[in-house]
There are 2 protein chains.
Amino acid sequence: MKARVTVTLKNGVLDPQGKAIEGALKSLGVEGIANVRQGKVFDIEVDTPDKAQAEASLKAACEKLLANTVIENYRVEIA
Amino acid sequence: MKARVTVTLKNGVLDPQGKAIEGALKSLGVEGIANVRQGKVFDIEVDTPDKAQAEASLKAACEKLLANTVIENYRVEIA
């Protein structure tokens with residue numbers, strides 16, 4: 001079973017990396033970019049046919065390793 | 001106009017970071033994880049009401065900065 005986990009910074013958390021990308025795009029001449037925030041995406045294959053079990057495993061993975069829940073949100077999508 | 005750009009490694013490109021995450025999840029006791037590949041996600045605000053123009057800007061941003069098209073695929077979704 002394939003899943004995609006997206007980890008993004010919570011609103012209000014400063015994102016210097018995003019700001020740097022925004023600045024770089026402006027100096028490269030890419031027009032109309034107003035705001036950039038960077039996150040991470042994980043494409044994960046889960047070794048179970050049971051959707052609920054897969055969801056539980058992925059939630060555990062996010063809480064334990066993939067996301068820093070103090071400053072980041074995560075979202076699990078199972079394909 | 002808000003958009004999300006997802007950059008992922010092409011198939012066949014080695015992903016040591018993903019492998020490391022996979023190993024770490026196993027040692028943390030998260031069960032059933034078979035394969036992990038990491039990518040990047042960019043939440044971008046584009047300063048134009050014209051969808052075609054926004055798409056062109058985002059494509060330029062990907063080609064010039066956000067993705068290394070030799071080893072990475074990118075996908076642009078406009079909300």
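Everything numeric here is computed off the predicted structure, so don't read it as measured data.
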- [ ] Determine whether A/Leu9 and B/Val7 fall in the same hydrophobic cluster, where Ile, Leu, Val, Met, Phe, Trp and Tyr are linked whenever their side-chain heavy atoms lie under 4.5 Å apart.
- [x] no
- [ ] Using the rule that two of Ile, Leu, Val, Met, Phe, Trp, Tyr join whenever any of their side-chain heavy atoms come within less than 4.5 Å, decide whether B/Val46 and A/Leu28 are in one cluster.
- [x] yes
[atom2] on [Y] to [atom1] on [X], rounded to 0.5 Å:
| X | Y | atom1 | atom2 | value |
| --- | --- | --- | --- | --- |
| A/Gln38 | B/Ile44 | CD | CD1 | 9.5 Å |
| A/Phe42 | B/Leu25 | CZ | CG | 9.0 Å |
| A/Asn35 | B/Lys2 | CG | NZ | 8.5 Å |

TODO: Look at atom CD of B/Glu63 and say whether more than 12 heavy atoms of other residues, nucleotides or ligands are closer to it than 6.0 Å.
DONE: yes
Open item on the list: Tell me if the NZ atom of A/Lys51 is crowded by more than 12 foreign heavy atoms within 6.0 Å.
Closed with: no
Task: Verdict with supporting geometry, B/Arg4 and A/Val41, side-chain contact (heavy atoms from CB on, under 4.5 Å) - done: CA-CA 12 Å; B/Arg4 170 162 283 188; A/Val41 63; over 6 Å; no
Open item on the list: Please rank A/Thr8, A/Ile21, A/Thr48 by heavy-atom pairs under 4.5 Å with chain B and give me the top one.
Closed with: A/Ile21
- [ ] Between chain B and each of A/Glu22, A/Gln53, A/Lys64, count heavy-atom pairs under 4.5 Å; write down the option with the most.
- [x] A/Lys64
TODO: Check whether A/Ser57 gets within reach of chain B through its side chain, its backbone, both or neither, counting any heavy atom under 4.5 Å.
DONE: both
